[in-house]
Amino acid sequence: MIAISNLQVSRGGRSTLDLPAWRVQAGAMALVTGPSGSGKTTLLHVLAGLLRPDRGSVEIDGVAIGALAEPARDAFRAGRIGVVFQTQRLMQSLTVTGNLALALRLARRSADRRRMTDVLGRLDIAHLASRRPRSLSVGEAQRAAIARAIVAGPRLLLADEPTSALDDAHAEAAIDLLCAEARACDATLVVASHDARIFERFDTRLSLERSS
């Protein structure tokens, strides 16, 4: 599912990510760890096609995502990749259900209300379906962002610190749902996290070092 070779990303003349090689098999559950500044978020943004590397190749499901033109890259991400950002990026003008419906529409799938209700219920936020993001707590918004990322059944699911704002019970529920959805869709799951509570859930691990 993921094949990386000689990946380098720099910002302001400073290296933020240097990864000679990394491969993740389809259906694997991979954890990316490392101290702040080691490039965990940068790596996820590269995998999502949100950031072009300075050097190297990145293939997702056999597609060199960095070589795609921007419209094709956006379409590829919408159809095959779900992303849970470290800071939630829900559409403030839409309800929680509206955000999920938008994700389905961008993936060219029908607005399946039963599917949306099921996902929200499993994250214990079905009662917030008609609320707008600005009225949610940090933890509620993070769970809504997870719901949006998985509702379309992506082939690759990326999550940046998905449990950082959640208590123990909700953190466990969120990881349970991410793992269950990845299995149900035969998707590959990549989580970047500092949260030691979830480390044992992953069969593949990548530890990044802070760039000099």
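With contacts defined as side-chain heavy-atom distances shorter than 4.5 Å, the pair V191/D160 does not qualify. The side-chain heavy atoms of L17 and L7, taken from C-beta on, include a pair separated by under 4.5 Å. When side chains are defined from C-beta on, T42 does not count as touching L44, because their heavy atoms never get closer than 4.5 Å. Using a 4.5 Å cut-off on side-chain heavy atoms (C-beta onward), H194 and S36 make contact. Between M1 and R155 the shortest side-chain heavy-atom distance falls below 4.5 Å. Residues L104 and L100 have side chains not in contact (no heavy-atom distance under 4.5 Å, counting atoms from C-beta outward). No side-chain heavy atom of S193 sits under 4.5 Å from any side-chain heavy atom of T33. Between I125 and R131 the shortest side-chain heavy-atom distance does not fall below 4.5 Å.
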I would like to know whether E140 and R132 meet salt bridge (charged side-chain N to carboxylate O under 4.0 Å, His left out); could you show each step before the answer?
-> CA-CA 11 Å; E140 290 168 346; R132 283 180 166 74; over 6 Å; no
Derivation and outcome, side-chain contact (heavy atoms from CB on, under 4.5 Å), residues R148 and L90 | CA-CA 8 Å; R148 181 188 59 183; L90 299 166; 3.8 Å; yes
Take I4 and L43 through the test side-chain contact (heavy atoms from CB on, under 4.5 Å) and record every step on the way to the result.
-> CA-CA 10 Å; I4 288 175; L43 175 59; 3.8 Å; yes
Verify side-chain contact (heavy atoms from CB on, under 4.5 Å) between S15 and V9, making sure each step is shown before the conclusion.
-> CA-CA 6 Å; S15 175; V9 180; over 6 Å; no
Tell me, with the steps shown, if Q86 and Q142 meet side-chain contact (heavy atoms from CB on, under 4.5 Å).
-> CA-CA 8 Å; Q86 189 169 357; Q142 195 156 23; over 6 Å; no
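Across A129 and L120, no two heavy atoms sit closer than the pair CB-CD1, 4.0 Å. Smallest separation of non-hydrogen atoms from A103 and V151: CB-CG1, 4.0 Å. Across every non-hydrogen atom of R113 and T97, the tightest pair is NH1-CG2, 3.9 Å. The heavy-atom pair separating A192 from P162 by the smallest distance is O-CD, 4.0 Å. The shortest non-hydrogen separation linking R143 to D124 is NH1-O, 3.5 Å. Heavy atoms only, all atoms of each residue included: A182 and L189 are closest at CB-CB, 4.1 Å.
Here L157 contributes atom CG and I81 contributes atom CD1; the two are 10.5 Å apart, rounded to the nearest 0.5 Å. Taken from OG1 in T16 to NE2 in H45, the straight-line distance is 11.5 Å, to the nearest 0.5 Å. Annotation: the span from T95 atom OG1 to L128 atom CG amounts to 11.0 Å, rounded to 0.5 Å. Rounding to the nearest 0.5 Å places CG of N6 at 9.5 Å from CG of L19. To the nearest 0.5 angstrom, I2 atom CD1 is 6.0 Å from T188 atom OG1. Between the CD atom in Q92 and the CG atom in N99 there is a gap of 8.0 Å [rounded to 0.5 Å].
In the hydrophobic cluster analysis, where Ile, Leu, Val, Met, Phe, Trp and Tyr join through side-chain heavy atoms closer than 4.5 angstrom, L47 is grouped together with V32. Under the 4.5 Å side-chain heavy-atom criterion for Ile, Leu, Val, Met, Phe, Trp and Tyr, F85 and I198 are members of distinct hydrophobic clusters. Residues L123 and I175 fall within the same hydrophobic cluster, defined by Ile, Leu, Val, Met, Phe, Trp and Tyr side chains chained together at heavy-atom separations under 4.5 Å. Put simply, V84 and L51 are part of two different groups of oily side chains (I, L, V, M, F, W, Y) that touch within less than 4.5 Å, one to the next. By the rule that hydrophobic residues join a cluster once side-chain heavy atoms approach within less than 4.5 Å of another member, L31 and W22 end up as members of separate clusters.
Atom CD of E200 has 12 or fewer neighbouring heavy atoms from other residues, nucleotides or ligands inside a 6.0 Å radius. No more than 12 heavy-atom neighbours from other residues, nucleotides or ligands sit within 6.0 angstrom of CD on E172.
Between D168 and R197 there is a salt bridge, since at least one side-chain N of the basic residue sits less than 4.0 Å from a carboxylate O of the acidic one. For D118 and R122, the salt-bridge test passes: some basic side-chain N is under 4.0 Å from an acidic carboxylate O.
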Anything under 3.5 Å between a donor and an acceptor, one on a side chain of residues 58-66, the other on a protein residue two or more places apart or in another chain? List them.
{"unit_1": "D61", "atom_1": "OD2", "unit_2": "R80", "atom_2": "NH1", "d": "3.3"}

Ignoring hydrogens and angles, write down the donor-acceptor pairs under 3.5 Å from the side chains of residues 201-208, residues two or more places apart or on other chains.
{"unit_1": "R201", "atom_1": "NH1", "unit_2": "D176", "atom_2": "OD1", "d": "3.2"}
{"unit_1": "R201", "atom_1": "NH2", "unit_2": "D176", "atom_2": "OD1", "d": "2.6"}
{"unit_1": "D203", "atom_1": "OD1", "unit_2": "M29", "atom_2": "N", "d": "3.3"}
{"unit_1": "R205", "atom_1": "NH2", "unit_2": "F199", "atom_2": "O", "d": "2.8"}

